[in-house]
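Here is the structure we will look at, set down as structure tokens.
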Amino acid sequence: MAASLSTGLDVHFAIPQSDTKRPIFFTRRKFTIYCNSSKSSSKPPQNPPVKRTASLSEQLQPLSTTTLPKKDQAGLLSKPKSTWVNPTKPKRSVLSLQRQTRSPYAYNPKVRELKLFANKLSDCDNSEEAFLSVLEEIPLEPTRENALLILNSLKPWQKTHLFLNWIKTKNLFPMETIFYNVTMKSLRFGRQFELIEELANEMVSNEIPLDNITYSTIITCAKRCNLFDKAVEWFERMYKTGLMPDEVTYSAVLDVYAKLGKAEEVVSLYERGVASGWKPDPIAFSVLAKMYGEAGDYDGIRYVLQEMKSLGVRPNLVVYNTLLEAMGKAGKPGLARSLFQELLESGLTPNEKTLTSLAKIYGKARWAKDALELWEEMKSKNWPMDFILYNTLLTMCADIGLVEEAEQLFLDMKKSQHCRPDSWSYTAMLKIYGSGGNVGKAMEFFEEMSEVGVELNVMGTTCLIQCLGKAGRMDELVKVFSVSVEHGIKPDDRLCGCLLSVVSRCESRADVDKVLACLHRANPRLVGFLKLIEEEVYCLDTVKEEFKGIISDTKDDARRPFCNCLIDICLSKNLNKRAHDLLYLGTLYGLYPGLYNKTADEWSLDVRSLSVGAAQTALEEWMGTLAKTIKHEEALPLLFSAQTGTGTHKFSQGLSNSFASHLKKLAAPFRQSEEKARCFVAKREDLVHWLRSRLQT
């Protein structure tokens with residue numbers, strides 16, 4: 001009688017690639033071949049020779065630069081041995097876990113007794129002596145099934161490890177992969193990677209096969225323990241065995257590569273996985289989105305969105321939150337707003353993390369209208385609020401200058417049982433009132449902080465000192481500074497910059513001395529430099545060396561403000577030449593990149609990052625350079641422009657207005673541009689005429 005046999009063959013077809021930005025994928029077409037043979041003529045099927053599995057470095061070469069020969073495709077996409085299947089049953093996925101056969105212990109009538117004993121083992125002391133003592137009371141013979149049930153029921157990882165060692169010493173039955181897998185999962189819960197790796201090496205030495213679950217447990221444990229190099233090492237070993245990673249392992253290794261900063265490996269592994277039949281889950285896309293977001297790669301974020309749509313993967317709330325964070329870091333508020341609308345249209349409800357990310361984005365972009373709409377929508381739909389979200393919304397209001405909304409939020413926090421205002425909540429309010437010049441309200445909140453026991457932080461101190469300095473209330477400024485220092489506040493570079501700014505606005509010597517006394521407690525070297533640039537005997541080389549030393553010891557985000565304030569102080573003391581020297585030094589040490597720009601048709605001055613005094617000094621320096629160019633009869637462009645930028649904050653300082661007033665005072669031929677806001681333009685003929693007239697006077 002003939003026996004019917006069948007086998008499934010995987011045939012791979014390369015799809016022509018039309019879009020070079022998308023990864024190359026392969027399609028798999030499955031054919032089933034049937035054959036009949038009689039018993040008399042049947043021969044055992046011959047296994048095809050096993051091909052060498054490519055190394056991981058070869059596997060992860062970008063597909064766009066690799067053409068896979070058929071033998072490599074077989075090594076990647078199919079098992080080394082031919083597999084005989086029943087054509088009437090569906091073939092399992094290439095990525096399904098190779099799980100062990102279900103143990104018959106589930107039908108053991110003594111299960112309850114064994115589980116009670118396992119609980120007794122779990123509750124005993126962690127010492128080996130106590131554990132072995134309880135083991136002497138084991139109610140049933142430790143057969144394979146009974147031992148596996150107890151092992152799987154133990155909770156503390158220490159007990160699981162002790163029991164495995166006890167089983168091995170008894171040598172009652174051959175050790176199998178499943179015993180190691182159960183133990184490793186327990187050890188992973190306790191983040192015991194060294195023990196897991198020790199067991200894995202033991203399996204290799206004893207020729208106990210490591211299966212898909214074994215490798216997945218090792219890799220994910222290494223990831224949880226932040227041992228990323230170990231995770232990669234074991235992933236490479238897995239590839240060499242020819243085992244196909246499962247969904248969890250793929251996502252875990254993608255995250256590992258991303259954390260190691262290996263963006264190319266992330267993309268290559270993603271492409272290889274999809275090409276081999278893996279359908280990425282939302283976690284994998286979260287990893288990709290986070291990686292591109294931290295790099296500020298907008299094209300990468302867009303690629304993730306396109307991939308999800310093309311593969312039919314519906315984002316869950318975790319993915320949406322990750323994408324929103326990524327767009328915030330990439331500086332794409334418009335795309336973030338569109339994505340948020342897509343989230344709502346999909347039927348999902350935003351949580352606290354979603355709203356926090358969006359509030360940060362709107363605040364940073366100073367999108368007042370969208371921020372207000374978000375706030376109104378949150379109230380009308382009663383969306384969830386937590387402590388972080390409240391503070392983020394307050395900070396957003398402070399960034400944009402939304403006073404009434406901030407006051408309502410703060411009042412809501414006071415009424416809340418779980419989200420009472422903290423130091424950052426009060427700081428946001430101090431920033432709002434400080435920016436608006438509302439000294440009374442700012443001092444009221446300062447006093448309230450002391451009454452309710454909320455500690456002042458350095459940012460709150462800075463906001464309050466800035467407010468008092470603008471109002472000219474120096475005695476209160478000194479009091480606030482002294483109280484802050486006495487309460488443990490350590491003045492940082494921002495606070496020192498704020499004090500410098502106040503010095504530049506002081507009208508009397510007495511007020512200057514009061515503020516300098518505070519600054520001396522915070523940064524004595526800075527006060528010494530101020531005295532240096534005020535001395536009658538002035539040496540630029542000495543100033544240059546000291547300036548370089550101060551800037552080197554200052555954090556990056558405070559260096560330019562320091563220089564701006566020092567220039568303003570020089571101008572307030574009519575030390576114009578020294579103000580120009582400081583601008584030169586600031587430009588020399590890279591504090592003003594892009595200040596002067598030239599094209600064939602236009603020369604421009606960009607003062608958007610300068611203070612009022614520094615902007616005026618830069619304009620005068622620019623005009624002086626242009627005057628020399630005219631004197632030497634060098635070629636000039638048709639158009640000149642000066643950009644002051646558009647402040648979107650309700651309480652912005654008004655650099656543009658001050659700059660316009662200075663141009664008017666100089667009678668310079670610059671006019672407001674009709675095409676660009678806060679941009680002043682002048683034609684070549686008008687500017688040349690004006691500069692020549694100044695040269696003659």
Side-chain angles (χ1 to χ4, degrees), residues 366 435 466 470 494 497-498 500-501 504-505 547 551 554 556-599 601-629 636-649 651-684 686-687 690-691 694:
R366 302 191 186 280
S435 299
Q466 184 181 35
K470 288 179 182 178
R494 282 190 180 183
C498 180
L500 272 179
S501 178
S504 69
R505 286 194 291 267
F547 180 83
I551 293 301
T554 304
D556 292 349
D557 60 350
R559 291 177 177 178
R560 184 163 58 234
F562 269 27
C563 192
N564 285 342
C565 291
L566 290 170
I567 292 172
D568 291 344
I569 291 171
C570 286
L571 293 178
S572 69
K573 299 180 179 300
N574 295 320
L575 300 172
N576 291 14
K577 175 62 172 61
R578 299 180 187 185
H580 282 266
D581 289 342
L582 288 172
L583 179 68
Y584 159 72
L585 293 176
T587 306
L588 178 66
Y589 294 121
L591 305 185
Y592 300 109
L595 181 59
Y596 305 107
N597 302 282
K598 289 184 178 182
T599 66
D601 301 323
E602 180 181 354
W603 289 3
S604 62
L605 173 70
D606 189 345
V607 298
R608 287 177 290 185
S609 63
L610 278 66
S611 62
V612 172
Q616 293 177 4
T617 305
L619 175 66
E620 292 172 3
E621 190 72 27
W622 193 39
M623 292 299 100
T625 302
L626 291 177
K628 293 178 182 177
T629 303
L636 294 171
L638 296 175
L639 189 67
F640 296 84
S641 64
Q643 302 180 49
T644 60
T646 55
T648 54
H649 195 290
F651 306 122
S652 55
Q653 292 294 309
L655 172 62
S656 181
N657 294 335
S658 299
F659 195 80
S661 298
H662 191 64
L663 288 173
K664 186 176 181 180
K665 180 181 177 181
L666 295 174
F670 283 90
R671 301 292 181 266
Q672 173 65 52
S673 172
E674 296 179 358
E675 299 176 354
K676 295 181 181 179
R678 306 294 188 268
C679 180
F680 302 88
V681 295
K683 294 181 180 179
R684 178 176 60 189
D686 297 335
L687 189 59
W690 176 73
L691 286 171
R694 286 174 63 87

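Everything quoted here is computed from the prediction, not taken from an experiment.
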| message | side-chain hydrogen bond (donor to acceptor under 3.5 Å, both in side chains) for Q643 and S604? Distances and angles first, verdict last. | response | CA-CA 8 Å; Q643 302 180 49; S604 62; 4.7 Å; no
Does the side chain of [X] reach to within under 4.5 Å of the side chain of [Y], using non-hydrogen atoms?
{"X": "S501", "Y": "C565", "answer": "yes"}
{"X": "M623", "Y": "W690", "answer": "yes"}
{"X": "P637", "Y": "D601", "answer": "no"}
{"X": "Y596", "Y": "T625", "answer": "no"}
{"X": "I569", "Y": "L575", "answer": "no"}
{"X": "D606", "Y": "Y592", "answer": "no"}
{"X": "R684", "Y": "F640", "answer": "yes"}
{"X": "W603", "Y": "N597", "answer": "no"}

Which pair of non-hydrogen atoms, one from [X] and one from [Y], has the smallest distance, and what is that distance?
{"X": "G613", "Y": "L571", "value": "O-CD1, 3.3 Å"}
{"X": "I567", "Y": "A614", "value": "CG2-CA, 3.8 Å"}
{"X": "A618", "Y": "L583", "value": "CA-CD2, 3.6 Å"}
{"X": "L582", "Y": "C563", "value": "O-SG, 3.6 Å"}
{"X": "P593", "Y": "R560", "value": "CD-NH1, 4.3 Å"}
{"X": "L619", "Y": "L605", "value": "CA-CD2, 3.8 Å"}

| Does a sphere of radius 6.0 Å around CG in D557 hold more than 12 heavy atoms from other residues, nucleotides or ligands, not counting ones at 6.0 Å or beyond? | yes
| query | How about Y584: does its OH atom have over 12 heavy atoms from other parts shown lying under 6.0 Å from it? | reply |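 Not buried by this count: 12 neighbours or fewer within 6.0 Å.
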How long is the gap from [atom1] on [X] to [atom2] on [Y], to the nearest 0.5 Å?
{"X": "L566", "Y": "D568", "atom1": "CG", "atom2": "CG", "result": "9.0 Å"}
{"X": "L636", "Y": "L638", "atom1": "CG", "atom2": "CG", "result": "10.0 Å"}
{"X": "S641", "Y": "E675", "atom1": "OG", "atom2": "CD", "result": "11.0 Å"}
{"X": "R494", "Y": "T554", "atom1": "CZ", "atom2": "OG1", "result": "13.5 Å"}
{"X": "F680", "Y": "Q672", "atom1": "CZ", "atom2": "CD", "result": "5.0 Å"}
{"X": "L691", "Y": "K628", "atom1": "CG", "atom2": "NZ", "result": "13.0 Å"}

| query | L500 and C498: side chain to side chain contact (heavy atoms under 4.5 Å, CB included), yes or no, with the steps? | reply | CA-CA 5 Å; L500 272 179; C498 180; over 6 Å; no
| query | In terms of the angle between their ring planes, are F670 and W622 parallel, tilted or perpendicular, with boundaries placed at 30° and 60°? | reply |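 Because their plane-to-plane angle lies in the 30° to 60° range, the rings of F670 and W622 count as tilted.
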| said: Salt bridge check, D686 against K683: does any charged N sit closer than 4.0 Å to a carboxylate O? | reply: no
| query | Got a donor-acceptor contact below 3.5 angstrom from the T644 side chain to the R608 backbone? | reply |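 Not a single qualifying donor-acceptor pair exists.
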